[in-house]
Undergrad: 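Before we start, here is the structure in question, set down as structure tokens.
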2 protein chains.
Amino acid sequence: MPQPRKRATVHDIAAAAGVSRGTVSRVLNGGYVSTEARAAIEAAITEVGYVPNTAARTLKMRRSQAVGFVALEPHSLFLDDPNIGAIMLGANAALSLADHQMVSLVVESARDTERVGRYLSGGFVDGAIVVSARTHDPIIKMISDLRLPAAFVGHPPDLDQNIPYVGIDNVGSARTVTERLLATGRRRVGMIAAALDRDSGIDRLTGFRAALGDRFDADLVADVPHYDYGSGVKGMRLLLERDPTIDGVFAASDAIAAGALEALREAGRSVPREVGIVGFDDSTWAVRTQPQLSTVHQPAKEIGSCAAQLILRQLSGEQITPEGQLLPTPIIWRDSA
Amino acid sequence: MPQPRKRATVHDIAAAAGVSRGTVSRVLNGGYVSTEARAAIEAAITEVGYVPNTAARTLKMRRSQAVGFVALEPHSLFLDDPNIGAIMLGANAALSLADHQMVSLVVESARDTERVGRYLSGGFVDGAIVVSARTHDPIIKMISDLRLPAAFVGHPPDLDQNIPYVGIDNVGSARTVTERLLATGRRRVGMIAAALDRDSGIDRLTGFRAALGDRFDADLVADVPHYDYGSGVKGMRLLLERDPTIDGVFAASDAIAAGALEALREAGRSVPREVGIVGFDDSTWAVRTQPQLSTVHQPAKEIGSCAAQLILRQLSGEQITPEGQLLPTPIIWRDSA
DNA sequence: TTGTACGCGTTATCAG
DNA sequence: CTGATAACGCGTACAA
């Protein structure tokens, strides 16, 4: 078995180079040191293959140069939400540039919640990005209490006022697409609303409702648990059953829209001729359905890097405006509406 | 700004409870301590909201109770490979049960490689799971040199003999599905081969070739870079151009198969009547295409948990058989072939 | 049952 | 420019 061999310490390499630990530390971290001493030390370092012990450094410096990326309820997320990956990549790129290590932590169970809490508070990370927290998620209070520099992606209503967040204008985007659906002559416009325990889900419904005004009809809203394909199929079937004359649908995500398309095909309805449909996310789904989806573009990478910046700025002692930051969401008109 | 307040230490809570640091440590880690002392200490702990400093514990114990999950080239992975998420979830679940924190590290650039190397060797993790390494990936040597307990998902040919891996029998699975394609009367069977710089890509091609034997025709192999939809479209177009009489296709992934379906639709070929097609992965793609895909099921969650077990066993000092571990891959016959 | 003292590997301070 | 020495916060022999 590859038993981790005893690793060389600053002490060892000091001995090997015939100098003191202080001098070694100085060549490692920059400082005045004579050319010959530096040479001897560098030789010793490559000789024994020294690698610094970051845990010790963290203890001493009170800085780990690491930032946590906490993914809540990743089961549905990883399997159906294409955004989470892009957000991670965006955050990682930004942190990487600032020489910080992004470590992502997955929270699936109560056991995970507690362990991740310990991890976050144990000095392993200097800050945390939290993605897709639900309302009343215990992690919210945990982060507040810890006073750990944090940034949320999305903003659960009970989020601590002092914690910044980044997101998109779900209400406005939903309203805009719904209005467009109406402007193109759709008379009976419904919505497949999902994830009403998250701010994104609630806000999209709010926007839809705002666009409809007096014409809003609660019967034309199908409430499904997740942003996934299966929910889309079920939601659309329900809507067709409740009102066969429905001719427009705002789906809370592209995956849902794709499922809705399937249900409409089953029912023999043609899209966009008989029914117009718009999605949300501009994910890979959008261009693979037949017809391709009109949808709201989410700048996922930018969201990730923006959240990372929010952390980095806090770490450099900058005062952060407590309000959130909303990124623009261009609307992409394709063929489905 | 939420400035991290000075955190209470064992020292502080010892003072508050009027005992010594040793006693505090004993109630934290289990040991003989009088009921009254315990009560006083526990009161003090909740009073000041003490949380242990894990970095210090790591330094002392030489154990971080954390395991790295290294995702190489996640860009294409996260966006097109549905398995990576499931593997992560499987690994996390297994590690969670053993009270270990999974921390996933993303490697996208040379800069990332170096930083992740430092992270892995810095004592932040007790072991590492490495997923989808390419041949000659620098991370391989890095892990070998570090002698860090590790487990690979898949096995690049130049993997250190001492490092265990877990995977599936790509050669056998590919061979089986190809044989079935032939057995159902397909005469001109081609393959869209992808990722030939990874073991998975190479092995699937090998299995395909083995099934064909003398009938193998290099012209009927389209070589595409990634396991994604776009590659599938291009690969299929190429195949149709090279031999319009092609009537069977083994696609190296479901995403590729879905792309191939699109290209066949373009060309006016009906599936499975004129052309039979099989995919690989049994991902969400498989049941969303029209017709649904016949494919090879990858037990992604099991792969993740198996890799985690491999690490945990090494951490408990167990001798690991250096060979890899291959998980079964049931073949799912649906409608596309 | 409890307290004391030491060391884990670093970096920082301060004389020399 | 360099070398000793003191923390950082914790676990644990060892002695009491």
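In what follows, every chain begins at residue 1, and chains take the letters A, B, ... in the order their sequences are listed.
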Undergrad: Within this structure, what is the CD1-to-P distance between I13(A) and dT10(C), rounded to whole angstrom?
TA: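 From I13(A) CD1 to dT10(C) P: 10 Å.
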
Undergrad: Taking only Lys NZ, Arg NE, NH1 and NH2, and the carboxylate oxygens of Asp or Glu, determine whether D158(A) and K141(A) approach each other closer than 4.0 Å.
TA: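 The answer is no: the pair does not qualify as a salt bridge.
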
Undergrad: So, is S34(B) close to the dT1(C) phosphate, meaning a side-chain N or O under 4.0 Å from OP1 or OP2?
TA: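 Result: no.
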
Undergrad: Indicate, with a heavy-atom threshold strictly under 4.0 Å, whether A37(B) touches base, sugar-phosphate, or nothing.
TA: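 Sugar-phosphate, backbone atoms only, no base.
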
Undergrad: Can you name the residues that form a side-chain contact (heavy atoms from CB on, under 4.5 Å) with S121(A), not counting sequence neighbours?
TA: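 S121(A) satisfies side-chain contact (heavy atoms from CB on, under 4.5 Å) with L146(A), V51(B) only.
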
Undergrad: Can you tell me how far P of dT11(C) sits from CG of L59(B), to the nearest Å?
TA: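 Rounded to the whole Å, the gap is 12 Å.
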
Undergrad: What residues form a ring pair (Phe, Tyr, Trp, His ring centres under 6.0 Å) with F69(A), not counting sequence neighbours?
TA: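 By the ring pair (Phe, Tyr, Trp, His ring centres under 6.0 Å) rule, F69(A) matches no residue at all.
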
Undergrad: What residues form a side-chain hydrogen bond (donor to acceptor under 3.5 Å, both in side chains) with Y165(B), not counting sequence neighbours?
TA: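 Per chain and number, Y165(B) pairs via side-chain hydrogen bond (donor to acceptor under 3.5 Å, both in side chains) with no residue.
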
Undergrad: Return the angle between end axes of the helix from dT1(C)-dA16(D) to dG16(C)-dC1(D), with five pairs used per end and rounding to 10°.
TA: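 Computed angle between terminal axes is 50°.
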
Undergrad: Please list, chain by chain and in numerical order, all residues satisfying side-chain contact (heavy atoms from CB on, under 4.5 Å) with D160(B), sequence neighbours excluded.
TA: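 If we apply the side-chain contact (heavy atoms from CB on, under 4.5 Å) test to D160(B), skipping adjacent residues, the hits are S144(B), N162(B), I163(B).
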
Undergrad: Taking only residues two or more places apart in sequence, or in another chain, which ones meet L59(A) in a side-chain contact (heavy atoms from CB on, under 4.5 Å)?
TA: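 For L59(A) the side-chain contact (heavy atoms from CB on, under 4.5 Å) partners, ignoring immediate neighbours, are N53(B), A56(B), L59(B).
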
Undergrad: Does dC8(D) have OP1 or OP2 sitting under 4.0 Å from an N or O in the side chain of T58(A)?
TA: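 T58(A) to dC8(D) OP1/OP2: no side-chain N or O under 4.0 Å.
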
Undergrad: With sequence neighbours excluded, tell me which residues meet side-chain contact (heavy atoms from CB on, under 4.5 Å) with A16(B).
TA: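 Result, side-chain contact (heavy atoms from CB on, under 4.5 Å) vs A16(B): A44(B).
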
Undergrad: Between S104(A) and S104(B), is there a side-chain donor-acceptor contact under 3.5 Å, judged purely by atom types and distance?
TA: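 Their side chains do contain a donor-acceptor pair, which is all the 3.5 Å distance test asks for.
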
Undergrad: Should R62(A) be listed as having a side-chain N or O under 4.0 Å from OP1 or OP2 of dG9(D)?
TA: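 Yes.
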
Undergrad: Who are the ring pair (Phe, Tyr, Trp, His ring centres under 6.0 Å) partners of F152(A), not counting sequence neighbours?
TA: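 Result, ring pair (Phe, Tyr, Trp, His ring centres under 6.0 Å) vs F152(A): none returned.
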
Undergrad: Rounded off to whole Å, could you give me the CZ-to-P distance for the R63(A) and dG9(C) pair?
TA: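 Between P of dG9(C) and CZ of R63(A): 25 Å.
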
Undergrad: CD of E36(B) versus P of dT2(C): gap in Å, rounded?
TA: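 Atom CD in E36(B) sits about 7 Å away from atom P in dT2(C).
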
Undergrad: What does nucleotides 10-16 of chain D look like as a protein-contact string, B for base, S for sugar-phosphate only, - for none, at under 4.0 angstrom between heavy atoms?
TA: BBBB---

